[in-house]
Amino acid sequence: MNLNFHGIIAGVFSTGALLPQVMKSFSSGETKDLSVSMLLLMISGGLLWLTYGIRKKDKPIIIANAVILGLVVSLLLLKVNYGSPRLEL
């Protein structure tokens, strides 16, 4: 099997794993169980993976991590918007 195919499938699974949480948080407005530390670490990791993908010119890595970053940033914004008055790391 083509190595790019594996990258595409991995990107679909990794991105798809975040969709239920984003949809649930958006529809319910509940974000109290989301960890700000986890979200910040995921954003940091996503930025590093995106940079790596850009440097390697690897489209599956670039696309998957750009989408993942968008989803994780949206979770962080939902957390800030719906979260408790005092955000705990």
Side-chain angles (χ1 to χ4, degrees):
M1 241 184 223
N2 183 330
L3 195 57
N4 248 1
F5 178 75
H6 282 95
I8 292 168
I9 296 301
V12 168
F13 285 172
S14 297
T15 303
L18 287 169
L19 285 175
Q21 185 64 60
V22 173
M23 292 182 342
K24 182 176 180 179
S25 296
F26 185 73
S27 65
S28 72
E30 284 294 321
T31 60
K32 69 178 190 262
D33 292 333
L34 291 177
S35 163
V36 174
S37 298
M38 183 269 306
L39 295 172
L40 293 174
L41 284 169
M42 286 191 69
I43 289 169
S44 299
L47 284 169
L48 290 170
W49 273 111
L50 182 61
T51 302
Y52 175 75
I54 290 169
R55 291 184 62 132
K56 284 191 57 93
K57 297 180 172 76
D58 191 322
K59 286 182 185 175
I61 293 174
I62 295 168
I63 293 167
N65 285 287
V67 173
I68 288 170
L69 272 172
L71 291 172
V72 177
V73 167
S74 69
L75 281 173
L76 183 61
L77 292 174
L78 287 169
K79 176 73 173 175
V80 169
N81 190 37
Y82 296 135
S84 61
R86 182 175 158 255
L87 290 179
E88 295 184 22
L89 296 175

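Linking Ile, Leu, Val, Met, Phe, Trp and Tyr whenever their side-chain heavy atoms come within less than 4.5 Å puts L18 and L40 in one cluster. A continuous path of Ile, Leu, Val, Met, Phe, Trp and Tyr side chains, each step under 4.5 Å between heavy atoms, connects V67 with V73, placing both in one hydrophobic cluster. Hydrophobic clustering of Ile, Leu, Val, Met, Phe, Trp and Tyr side chains at less than 4.5 Å, counting indirect connections, unites L47 with V36. Placement of L41 and L69 in two distinct hydrophobic clusters is found when ILVMFWY residues are connected by side-chain heavy-atom separations under 4.5 Å, directly or transitively.
To the nearest 0.5 Å, the span separating CH2 on W49 from OG on S14 amounts to 9.5 Å. Taken to the nearest 0.5 Å, the NZ atom of K57 stands 9.5 Å off from the CZ atom of R55. Atom-to-atom distance recorded for K24:NZ and L75:CG is 12.5 Å, nearest 0.5 angstrom. Interatomic distance, Q21 CD to L78 CG, rounded to the nearest 0.5 Å: 9.5 Å. With rounding to the nearest 0.5 angstrom, the CG atom of N65 is 9.5 Å from the CD1 atom of I54. Atom OG of S25 and atom CG of L77 lie 12.0 Å apart (nearest 0.5 Å).
Summarising the geometry of V72 relative to L39, their closest heavy-atom pair is CG1-O, 3.5 Å, with the distance given to 0.1 Å. The shortest non-hydrogen separation linking L76 to I43 is CD2-CD1, 3.8 Å. Considering every non-hydrogen atom in both Y82 and F26, the closest pair reads OH-O, 4.2 Å. The shortest heavy-atom contact between Y52 and I61 is CE2-CD1, 3.9 Å. Contact record, S74 with V22: OG-CG1, 4.0 Å, taken as the closest heavy-atom pair. Closest heavy-atom contact between P60 and G7: CB-C, 3.9 Å.
T31 places no side-chain N or O within donor-acceptor distance of the main-chain N or O of L34, the cut-off being under 3.5 Å.
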